[in-house]
Amino acid sequence: MSAIRTKDTAVGLAMLAAGLGYLYLTTGLPRRGAVDATFIPYVLAGGMILLGLLQAFVGWRRHDADAEEAPGVDDEAPSSDAPANYMTVVKTLVLFATFTALLRPLGFPVAAALYLFFQFIVLTPDGRTISYWRYAALAIIGAVITFVSFRYGFDLILPAGPLTPYLP
Amino acid sequence: MWDLFTQGVANVFAPQILLLVTGGVAVGIVFGAVPGLTAVMAIALCLPMTYGLDPAAGLALLVALYVGATSGGLISAILLKIPGTPSSIATTFDGGPMMENGEGAKALGVGIVFSFIGTILSIAALMFIAPSLARVALSFGPHEYFAIAIFSLTLIATLSSGSMLKGIFSGVAGFAVSTVGIAPVDAIRRFTFGQVELNAGFSILTVLVGMFAIAEIIKVAERSATADRIGTSLMVKIKGFGFSMAEFLGQLPNAFRSSVIGISIGILPGIGAGTSNIVSYIVARSRSKTPEKFGKGTIEGVVASETANNAGIGGAMIPLLTLGIPGDAVTAILLGGLMIHGIQPGPMLFLTQGEFVYTIFAALILSAVMMLILEFWGLRVFIRLLAIPKHILLPIIVVLCAVGAFGLASRIFDIWTILGFGVLGYAFVKAGIPTAPFIIGFILGPMAETNFRRGLQLADGDATSFLTNPISGAFLALAAASVGWQIYRGLRPARTVETQPEGGGQP
């Protein structure tokens with residue numbers, strides 16, 4: 001089985017799993033008649049399951065020659081020929097999750113500055129020198145400008161954490 | 001009418017209003033351009049500033065913010081392939097590829113000019129045909145809205161030329177995600193898992209920012225080891241708006257059609273520019289002589305999206321001013337702004353406060369002109385922003401996205417939500433599932449469900465009422481025809497391939 005067939009079949013099975021999961025959750029909702037709050041979710045779950053089955057079947061039956069399908073406007077797969085770097089993806093997600101988790105305890109200026117500093121480093125392309133001082137300065141300036149602009153310019157009170165007592 | 005209009009124009013050229021409009025458009029553009037920040041946020045934040053102003057000056061500021069923010073979304077949609085607002089989703093389809101092809105400046109120029117044209121045409125509609133249009137829209141009930149939503153949902157298939165199954169699944173999944181929260185009519189909590197934050201469901205902004213902005217950044221992270229600039233070839237030397245007069249004239253029919261779509265959808269409460277830009281894009285592609293160029297970087301796609309979303313401004317103002325009915329969050333805040341100043345919109349407004357109404361019209365026109373000037377000047381600056389290495393620029397955009405999500409309700413939960421939808425958007429990319437149908441399903445799903453339930457209630461549970469009502473019946477027939485056509489189109493190439501002799505090429 002070619003890679004594209006395997007992928008399409010796997011996508012179909014994932015769609016099927018999503019539909020089944022949604023159906024399972026829908027069965028847990030209270031019923032109040034034929035057309036109630038569960039009606040549309042049941043219809044949607046049925047649609048997702050059907051589409052998943054069709055996709056899995058189409059993927060499984062797919063001929064290798066059909067693999068080169070015309071791209072649609074939404075075929076957004078990265079076009080670069082460069083190899084995918086999944087470690088950078090994982091690091092980026094972990095950094096963003098950490099930033100979100102630390103937003104209240106550390107406050108926006110500190111959490112954002114830390115996030116920016118480490119994210120700059122993580123995204124720096126191979127072969128480029130990492131300038132720690134420059135990154136630190138940019139991270140602090142970026143975080144402070146954003147915090148001040150929104151807090152005092154647009155009245156959007158971002159969490160300040162331990163800095164709260166010192167702010168006007 | 002002409003006297004009132006000239007008086008309105010004279011009013012907006014007062015130094016104070018001129019300054020407010022200029023500042024409002026500039027701030028609006030920034031809010032529109034930054035993913036996560038929206039026109040709603042800009043107007044809501046600036047509303048208190050209008051308390052101390054006279055009504056004309058206050059409303060001029062608010063409509064300037066509205067015009068600026070609606071247009072500003074095109075900047076990030078083209079330069080970063082991240083729609084700043086839901087109204088710029090379709091702009092990314094061709095604006096992004098144009099940017100990658102080294103035509104970023106041209107795409108921006110096209111977007112700016114046709115945003116202006118869309119705004120002006122919609123203001124003309126607002127001035128000349130507002131009351132009659134509003135009356136037609138007002139006669140629509142749950143049956144008509146349900147049918148319109150279903151018809152629009154069937155267009156998802158048109159948008160999914162890569163794989164129709166995956167595209168339809170994406171739309172259905174978006175609809176399914178929109179069912180999270182309190183159900184319409186019987187108010188049952190669905191899929192909230194006991195989380196109070198989920199009672200109101202997911203905000204469209206968090207879904208949009210997650211699926212487009214965060215997913216885009218994850219995509220960049222995946223390829224971060226190589227490229228270091230966002231644009232492959234930047235065009236810093238720009239002549240005028242970057243496109244020729246022949247191209248401009250050639251796009252006028254597309255612009256006019258897109259304006260009509262934008263105004264028509266803008267009038268209908270609850271739909272708005274988030275839908276009209278996509279519908280307009282689909283129609284432009286189906287009417288184009290070169291539909292195969294769509295999605296690869298054609299100005300037709302940018303024209304369709306940007307004309308339609310800005311045409312929604314005048315469209316949304318029609319029911320607001322003529323009937324006092326706000327169609328979306330922006331016009332709801334504008335209604336609040338009017339009422340704060342003791343002005344009650346409605347049919348009598350044109351009779352009792354004619355000069356004020358025409359001052360708003362003049363302010364809208366001035367805002368459109370200011371938008372054109374500021375964005376023309378800003379075009380060079382926007383392009384130069386891309387000279388910033390992406391490993392510096394993108395993390396800053398992520399932080400702004402987080403700020404925008406937090407600003408919705410001052411909840412960290414919304415930042416987690418954009419992360420969650422970012423991962424989902426990235427998974428969609430890896431699976432080859434298109435993202436835009438998901439957004440359409442998410443936007444139109446609640447409208448379809450709510451009006452389906454209400455329509456059934458009104459008809460005592462008789463589902464055939466959706467078919468016997470002439471307008472809803474017509475839209476449902478169109479929806480069925482649309483699905484049938486898509487299935488036929490989907491099967492046609494397969495049959496062609498099967499019947500072609502081995503090695504047989506095209507004639």
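To find a chain, count down the sequence lines: A is the first, B the second, and so on, and within it residues start at 1.
- Contact of B:Arg190 with chain A is made through backbone and side chain together, with heavy-atom distances under 4.5 Å.
- The closest side-chain heavy-atom distance from B:Leu400 to A:Phe150 is below 4.5 Å.
- Residue contact with chain B, scored on non-hydrogen atoms closer than 4.5 Å, is absent for A:Ile121.
- Considering only heavy-atom pairs separated by less than 4.5 Å from chain B, the leading option among A:Ala101, A:Gly142, A:Gly28, A:Ala139 is A:Ala101.
- Contact annotation for A:Leu158: both backbone and side-chain heavy atoms come within less than 4.5 Å of a heavy atom of chain B.
- Rounding to the nearest 0.5 Å places CG of A:Leu103 at 10.0 Å from CH2 of B:Trp416.
- B:Arg189 CZ: 12 or fewer foreign heavy atoms inside a 6.0 Å radius.
- Annotation: the span from B:Ile217 atom CD1 to A:Phe96 atom CZ amounts to 8.5 Å, rounded to 0.5 Å.
- With rounding to the nearest 0.5 angstrom, the CZ atom of A:Arg134 is 5.5 Å from the CD1 atom of B:Ile392.
- The number of heavy-atom neighbours closer than 6.0 Å to CZ of B:Arg411, taken from other residues, nucleotides and ligands shown, is above 12.
- Between A:Arg32 and B:Ile188, the closest side-chain pair of non-hydrogen atoms falls below 4.5 Å.
- For a residue to count as touching a neighbouring chain, one of its non-hydrogen atoms must lie under 4.5 Å from one of that chain's; by this rule A:Pro30 touches chain B with backbone and side chain alike.
- Counting heavy-atom pairs closer than 4.5 Å to chain B, the top residue among A:Tyr22, A:Phe147, A:Tyr86 is A:Tyr22.
- Heavy-atom pairs under 4.5 Å with chain A peak, among B:Ala176, B:Ala173, B:Gly422, B:Ala183, at B:Ala176.
- Using cut-offs of 30° and 60° for the angle between ring planes, the A:Phe39 and B:Phe452 rings count as parallel.
- Distance check: A:Thr100 OG1 to B:Asp414 CG gives 11.0 Å after rounding to the nearest 0.5 Å.
- Contacts between A:Tyr115 and chain B at a heavy-atom distance below 4.5 Å involve the side chain alone, from C-beta outward.
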Please determine whether side-chain contact (heavy atoms from CB on, under 4.5 Å) holds for the pair B:Ile412 and A:Arg104, giving the CA-CA distance in whole Å, both sets of side-chain angles, and the decisive distance to 0.1 Å. CA-CA 8 Å; B:Ile412 300 291; A:Arg104 286 256 185 238; 3.7 Å; yes
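- The greatest number of non-hydrogen atom pairs below 4.5 Å with chain A, out of B:Val423, B:Val398, B:Ile396, B:Thr179, is found for B:Val398.
- Contacts with chain B were tallied for A:Gly47, A:Pro41, A:Gly19; A:Pro41 has the most, counting heavy-atom pairs under 4.5 Å.
- No donor-acceptor distance shorter than 3.5 angstrom exists from the side chain of B:Lys166 to the backbone of A:Gln55, with no hydrogens or angles considered.
- Closest approach of A:Ala37 to B:Glu449, counting heavy atoms only: O-OE2, 4.3 Å.
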side-chain contact (heavy atoms from CB on, under 4.5 Å) assessment of A:Leu54 paired with B:Phe169: CA-CA 11 Å; A:Leu54 280 171; B:Phe169 174 83; over 6 Å; no
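- Between B:Ala221 and A:Thr92, the closest heavy-atom pair is CB-OG1, 3.5 Å.
- Annotation: side chain of A:Tyr135 is in contact with side chain of B:His391 (closest heavy-atom distance under 4.5 Å).
- Atoms OG and CD1, on B:Ser178 and A:Ile40 in that order, are 9.5 Å from each other to the nearest 0.5 Å.
- For B:Ile218, the parts lying near chain A are the backbone and the side chain together; criterion is any non-hydrogen pair under 4.5 Å.
- Side-chain contact between B:Phe193 and A:Leu25 is present, with at least one heavy-atom pair separated by less than 4.5 Å.
- The shortest distance between side-chain heavy atoms of B:Val399 and A:Phe108 falls below 4.5 Å.
- Heavy atoms of A:Val11 lying under 4.5 Å from chain B belong exclusively to its side chain.
- Considering CG of A:Leu93 and OH of B:Tyr426, their distance stands at 8.5 Å, rounded to 0.5 Å.
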